[in-house]
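The analysis underlying the following values was restricted to heavy atoms, covering all of them including side chains, and did not include hydrogens, waters or symmetry mates.
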Amino acid sequence: MNYHNALFKLGIATWLSKSMQESQFYKQIEELIDVCWKWVENHKVSADELYSLLDDGTEFGGAFIYMQVDDSKYESRWNCIFEAGASIASLAYKFEGKKYIPALLEEIDSAQQEEFFSEQLENILGNKIQLLDDFKNYLSVGDEKNKEEILGKLSEILD
């Protein structure tokens with residue numbers, strides 16, 4: 001997983017989460033996003049901890065379950081948020097040098113998954129999706145950016 005691509009997805013997920021405050025799982029969405037940002041900022045969250053927020057190993061918890069039982073109007077947003085969390089978790093596994101990556105994360109860097117993410121964004125943003133090229137360029141040029149800079153730029157582009 002490309003670091004800039006994962007940041008792109010996490011920025012998008014954070015921006016999208018604002019529109020999900022009525023979801024019964026909003027608290028869990030915020031927790032997943034916050035823990036992902038903590039990993040980006042200092043790498044002090046373990047890959048396993050990140051992954052447990054995506055799939056806790058039960059049929060009752062984790063973003064993978066929540067997205068399936070939440071209101072269908074949030075489906076595309078959930079798909080993007082899950083993808084962002086999975087991208088950060090994949091980076092964390094690579095950073096830790098772990099040879100084992102949970103099966104749910106194996107497809108994250110595939111071309112099909114990237115296309116699916118783009119389709120979900122197009123469902124949400126419509127023609128505004130073209131504006132995201134500016135955001136991708138912003139992330140790939142210059143110094144590392146912090147959470148506030150990234151979210152500020154994304155809001156500037158999409159709000």
Side-chain angles (χ1 to χ4, degrees), residues 1-41 45 50-51 53-55 62-95 101-159:
M1 171 56 52
N2 174 309
Y3 183 74
H4 290 107
N5 195 28
L7 271 184
F8 171 78
K9 290 177 180 180
L10 184 56
I12 295 290
T14 305
W15 185 80
L16 289 173
S17 72
K18 295 185 293 185
S19 66
M20 294 182 67
Q21 293 179 6
E22 300 300 316
S23 166
Q24 63 182 320
F25 300 107
Y26 182 69
K27 184 177 126 193
Q28 290 87 348
I29 292 166
E30 288 297 297
E31 179 184 13
L32 172 61
I33 290 171
D34 287 344
V35 172
C36 286
W37 279 113
K38 284 179 186 169
W39 186 86
V40 167
E41 291 168 354
V45 177
L50 279 165
Y51 184 74
L53 295 173
L54 297 171
D55 181 5
F64 187 69
I65 299 296
Y66 304 143
M67 66 190 274
Q68 293 177 48
V69 297
D70 205 357
D71 191 316
S72 62
K73 70 181 179 182
Y74 297 124
E75 182 179 356
S76 290
R77 288 171 175 80
W78 261 116
N79 287 330
C80 291
I81 289 168
F82 184 85
E83 178 75 19
S87 295
I88 298 298
S90 291
L91 284 176
Y93 277 104
K94 287 179 186 173
F95 179 79
I101 294 179
L104 198 56
L105 302 180
E106 289 177 350
E107 294 290 316
I108 294 306
D109 211 12
S110 73
Q112 289 173 321
Q113 199 62 27
E114 294 303 315
E115 186 175 321
F116 179 73
F117 186 80
S118 292
E119 288 171 5
Q120 299 306 300
L121 281 179
E122 194 167 343
N123 287 343
I124 299 163
L125 299 173
N127 290 338
K128 278 188 168 183
I129 194 167
Q130 296 170 351
L131 300 172
L132 294 179
D133 287 339
D134 290 341
F135 183 56
K136 283 181 183 177
N137 291 336
Y138 167 77
L139 290 173
S140 65
V141 176
D143 299 331
E144 279 194 27
K145 287 123 179 110
N146 64 36
K147 177 182 176 182
E148 289 74 30
E149 292 169 334
I150 291 169
L151 297 178
K153 182 64 173 180
L154 191 54
S155 289
E156 179 185 306
I157 292 170
L158 292 176
D159 287 341

### Message
Just to verify, what does Ser118 make a side-chain contact (heavy atoms from CB on, under 4.5 Å) with, not counting sequence neighbours?
### Response
none
### Message
Under a 3.5 Å distance rule, please check whether Ser155 uses its side chain to pair with a backbone N or O of Gly152 as donor and acceptor.
### Response
no
### Query
Of all heavy-atom pairs between Gly11 and Leu154, which one has the smallest distance, and what is that distance?
O-CD2, 3.1 Å
### Query
Could you go step by step and tell me if Phe82 and Leu104 meet the side chain to side chain contact (heavy atoms under 4.5 Å, CB included) rule?
CA-CA 11 Å; Phe82 184 85; Leu104 198 56; 3.6 Å; yes
### Query
Between Leu50 and Ala92, which heavy-atom pair has the shortest distance, and what is it?
CD1-CB, 3.6 Å
### Message
Please report the interatomic distance OG(Ser87) to CG(Asn5), rounded to the nearest 0.5 Å.
### Response
6.5 Å
### Query
Is the CD atom of Gln21 crowded by more than 12 outside heavy atoms at less than 6.0 Å?
yes
## Note on the structure
Hits for salt bridge (Lys or Arg N to Asp or Glu O under 4.0 Å) against Glu156, two or more places apart or cross-chain, chain-then-number order -> Lys153
### Residues which pass side-chain contact (heavy atoms from CB on, under 4.5 Å) with Leu131, listed by chain and number, not counting sequence neighbours
Lys128, Ile157
### Query
Mind checking what makes ring pair (Phe, Tyr, Trp, His ring centres under 6.0 Å) contact with Phe117, not counting sequence neighbours?
none
### Message
Are the side chains of Cys80 and Leu121 in contact, using a 4.5 Å heavy-atom criterion?
### Response
yes
### Message
Within the structure provided, determine whether Glu149 and Asn146 are in side-chain contact (heavy-atom separation under 4.5 Å).
### Response
yes
### Query
Which pairs pass ring-ring contact (aromatic ring centres under 6.0 Å, His included) with one or both residues in residues 137-159, sequence neighbours excluded?
none
## Note on the structure
For Tyr51, the ring pair (Phe, Tyr, Trp, His ring centres under 6.0 Å) test, sequence neighbours excluded, returns none
### Euclidean distance, Ser23 OG relative to Trp78 CH2, rounded to 0.5 Å
6.0 Å
### Query
Which pairs pass side chain to side chain donor-acceptor pair (under 3.5 Å) with one or both residues in residues 24-40, sequence neighbours excluded?
Thr14-Trp37, Ser17-Glu30, Tyr26-Glu30
### Message
Please enumerate all residues that pass ring pair (Phe, Tyr, Trp, His ring centres under 6.0 Å) together with Phe8, with sequence neighbours excluded.
### Response
Phe135
### Message
Tell me every residue that passes side-chain contact (heavy atoms from CB on, under 4.5 Å) with Ala84, counting only those two or more places apart in sequence or in another chain.
### Response
Lys9, Ala13
### Query
Taking atom CD of Glu148 and atom CD1 of Ile150, what is their separation to the nearest 0.5 Å?
9.0 Å
### Message
Once salt bridge (Lys or Arg N to Asp or Glu O under 4.0 Å) is applied, do any residues pair with Asp133, and if so which ones, sequence neighbours excluded?
### Response
none
### Task
Please name all residues satisfying side-chain contact (heavy atoms from CB on, under 4.5 Å) with Ile101, sequence neighbours left out, ordered by chain then number.
Tyr93, Leu105
### Message
Any non-hydrogen side-chain atom of Lys145 less than 4.5 Å from a side-chain atom of Leu7?
### Response
no
### Query
For the residue pair Leu32 and Ile81, what are the closest heavy atoms and their distance?
CD2-CG2, 4.0 Å
### Message
With side chain to side chain contact (heavy atoms under 4.5 Å, CB included) as the criterion, how do Ile129 and Ile124 come out once you've worked through the C-alpha distance, each side chain's angles and the decisive distance to 0.1 Å?
### Response
CA-CA 9 Å; Ile129 194 167; Ile124 299 163; over 6 Å; no
### Query
Checking side chain to side chain contact (heavy atoms under 4.5 Å, CB included) for the pair Lys147/Val40: CA distance, chi angles, key distance, verdict?
CA-CA 9 Å; Lys147 177 182 176 182; Val40 167; over 6 Å; no
### Query
Between His4 and Leu139, which heavy-atom pair has the shortest distance, and what is it?
CD2-O, 2.8 Å
### Query
Going from CD1 on Ile12 to CD on Gln120, what distance comes out if it is rounded to the nearest 0.5 angstrom?
13.0 Å
### Working for side chain to side chain contact (heavy atoms under 4.5 Å, CB included), residues Ile65 and Asp55
CA-CA 7 Å; Ile65 299 296; Asp55 181 5; 5.6 Å; no
### Query
What residues, two or more places apart in sequence or in another chain, satisfy salt bridge (Lys or Arg N to Asp or Glu O under 4.0 Å) together with Lys18?
Asp159
### Message
Under a 3.5 Å threshold, yes or no: a donor from one side chain and an acceptor from the other, between Asn123 and Glu75?
### Response
no
